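Inspection log for the structure reproduced underneath, given as structure tokens.
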Amino acid sequence: MKLQILSVPNCPNVASLRERLADALGAREDVTVTTEVIDTSELAEAVGMNGSPTLLIDGIDPFAESGQATSMSCRLFRDETGSVTGAPSVTQLRAALRRVSLRTWRARTAPTDPAARAVHRAILRTFAATGAPPTDAALRQIAEANGAEVGSLLAQLHEADAIRLNPAGPIRVAYPFSAIATRHRVRLATGVEVSAMCAIDALGIPAMLDTDATITSTDPVSHESVTVAVHNGRYVWSPDTAVVFYSAAAGTGPSADCCCDDLNAFTSTATAQTWMRAHPSILGELLDTTTAERLGQHIFGGLLDQPAAAGINPGGQPG
């Protein structure tokens, strides 16, 4: 992982950022941190500096706001308590490092083989259009159009943890979607309802599809609903006391097996802590709603940026 601090000459907040970043990284040895001084607006635009200081994690500014313009001005951050500060807090930096790590991990599961990629995108787009996976006939046509056999492609996607198959073969998971009803439902602007594998996946679906949506998750303790209305990229939570549990097992194996059942939304910290006390073997932490939103957006936001798979129309029928 590469971390780069961008700053104007003599920025007074760089020292604070470096100190907090050292705390957030701990003893990690897989990270390099460099600092680059930016002294012209042209260079600021070229490198993507959104005020001084800017932290890039593998080239990504995890604290960038939508529509934010590049700038050489002094940058201010609001920490988890609402206080204004010249650098992100240690907690915020740890969350940012986790988001980028998870995005990198999920990106590694995305297929690079053209035939597998075509089938994978067809599966995702059909889930979005119908709430269910495409037919075997539709996938077979795409595979054959790419000179491949559908069974081997699905096995490849399963092995990479891009999808999960039932023992008999049918697709049961295509992250972020589930073919089986879960406690996380997403109603898209089209009216289609889909199930998400976990609370984070549900938050990522509107970003992946670039659409408005209404997310409804069920608190596993109180059995009350946590609702998130997404409009033009803005997330509004009800109740506003909601939090999300993030499992430390995320990224350690097939998500459906190791962590999806544990990544839940709760109506409050109190109900979340009740659940955590009842599951002491499940390690993790509570995320505020903003951190949870950004995590979902970072993992899934760019998954369908490339053109739609050839040979399939929305709805899962061969084209």
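Predicted model, so just to flag it, every value in this text is computed and none were measured.
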Over all heavy atoms of both residues, which pair between [X] and [Y] is shortest? Give the atoms and the distance, please.
| X | Y | result |
| --- | --- | --- |
| Pro134 | Ala138 | CB-CB, 4.4 Å |
| Val226 | Pro239 | CA-CD, 4.5 Å |
| Asp219 | Val221 | OD1-N, 2.7 Å |
| Ser178 | Met197 | CB-SD, 3.4 Å |
| Val194 | Gly131 | CG1-CA, 3.7 Å |
| Asn264 | Ala199 | C-CB, 3.9 Å |

Interatomic distance, [X] atom [atom1] to [Y] atom [atom2] [nearest 0.5 angstrom]:
| X | Y | atom1 | atom2 | answer |
| --- | --- | --- | --- | --- |
| Ser73 | Asn50 | OG | CG | 9.5 Å |
| Met276 | Thr269 | CE | OG1 | 9.5 Å |
| Asp262 | Ser247 | CG | OG | 5.0 Å |
| Leu263 | Tyr246 | CG | OH | 7.5 Å |
| Leu17 | Ile5 | CG | CD1 | 4.0 Å |
| Ile123 | Ile163 | CD1 | CD1 | 4.5 Å |

same_hphob_cluster([X], [Y]) at 4.5 Å side-chain heavy-atom cutoff:
| X | Y | answer |
| --- | --- | --- |
| Val31 | Leu97 | yes |
| Ile205 | Leu304 | yes |
| Phe177 | Leu165 | yes |
| Ile215 | Val192 | yes |
| Ile299 | Leu287 | yes |

Give the intermediate values and the outcome of side chain to side chain contact (heavy atoms under 4.5 Å, CB included) for residues Leu25 and Leu3. CA-CA 11 Å; Leu25 289 170; Leu3 277 60; 4.2 Å; yes
Residue pairs meeting side chain to side chain donor-acceptor pair (under 3.5 Å), one or both in residues 1-15, sequence neighbours left out, come to Gln4-Glu36
Any side chain to side chain donor-acceptor pair (under 3.5 Å) pairs touching residues 195-212, not counting sequence neighbours? Arg185-Ser195, Asp212-His231
ring-ring contact (aromatic ring centres under 6.0 Å, His included) partners for Trp275, two or more places apart: Phe245, Phe266, His279
By ring-ring contact (aromatic ring centres under 6.0 Å, His included), which residues pair with Tyr235, not counting sequence neighbours? none
Taking the side chain as everything from C-beta on, heavy atoms only, tell me whether [X] gets closer than 4.5 Å to [Y].
| X | Y | value |
| --- | --- | --- |
| Met208 | Pro176 | yes |
| Ile171 | Leu139 | yes |
| Thr54 | Thr70 | no |
| Leu93 | Phe63 | yes |
| Tyr175 | Leu303 | no |
| Leu203 | Phe300 | no |
| Leu154 | Val119 | yes |

Residues passing the side-chain contact (heavy atoms from CB on, under 4.5 Å) test with Ala116, sequence neighbours excluded, are Pro111, Asp113, Leu153, Gln156, Leu157
Counting only N and O atoms by type, is there a donor-acceptor contact under 3.5 Å from the side chain of [X] to the main-chain atoms of [Y]?
| X | Y | value |
| --- | --- | --- |
| Thr241 | Thr267 | yes |
| Arg164 | His158 | yes |
| Asp79 | Ser89 | no |
| Ser225 | Thr227 | no |

side-chain hydrogen bond (donor to acceptor under 3.5 Å, both in side chains) partners for [X], two or more places apart:
| X | value |
| --- | --- |
| Arg187 | Glu193 |
| Ser217 | His184 |
| Thr182 | none |
| Thr35 | Arg18 |

By the salt bridge (Lys or Arg N to Asp or Glu O under 4.0 Å) test, which pairs, at least two apart or in different chains, include something from residues 264-293? Arg98-Glu285
With Asp61 via salt bridge (Lys or Arg N to Asp or Glu O under 4.0 Å) - residues at least two apart: Arg75
If you draw a 6.0 Å radius around CD in Glu149, do more than 12 non-hydrogen atoms from other residues or ligands fall strictly inside? yes
Kindly give the cluster partners of Leu6, where membership spreads through any ILVMFWY side chain lying under 4.5 Å from a current member. Val8, Ile38, Leu43, Val47, Met49, Leu56, Met72
One pair to check against side chain to side chain donor-acceptor pair (under 3.5 Å): Thr85 and Arg20. What are the steps and the verdict? CA-CA 12 Å; Thr85 177; Arg20 294 174 187 180; 3.2 Å; yes
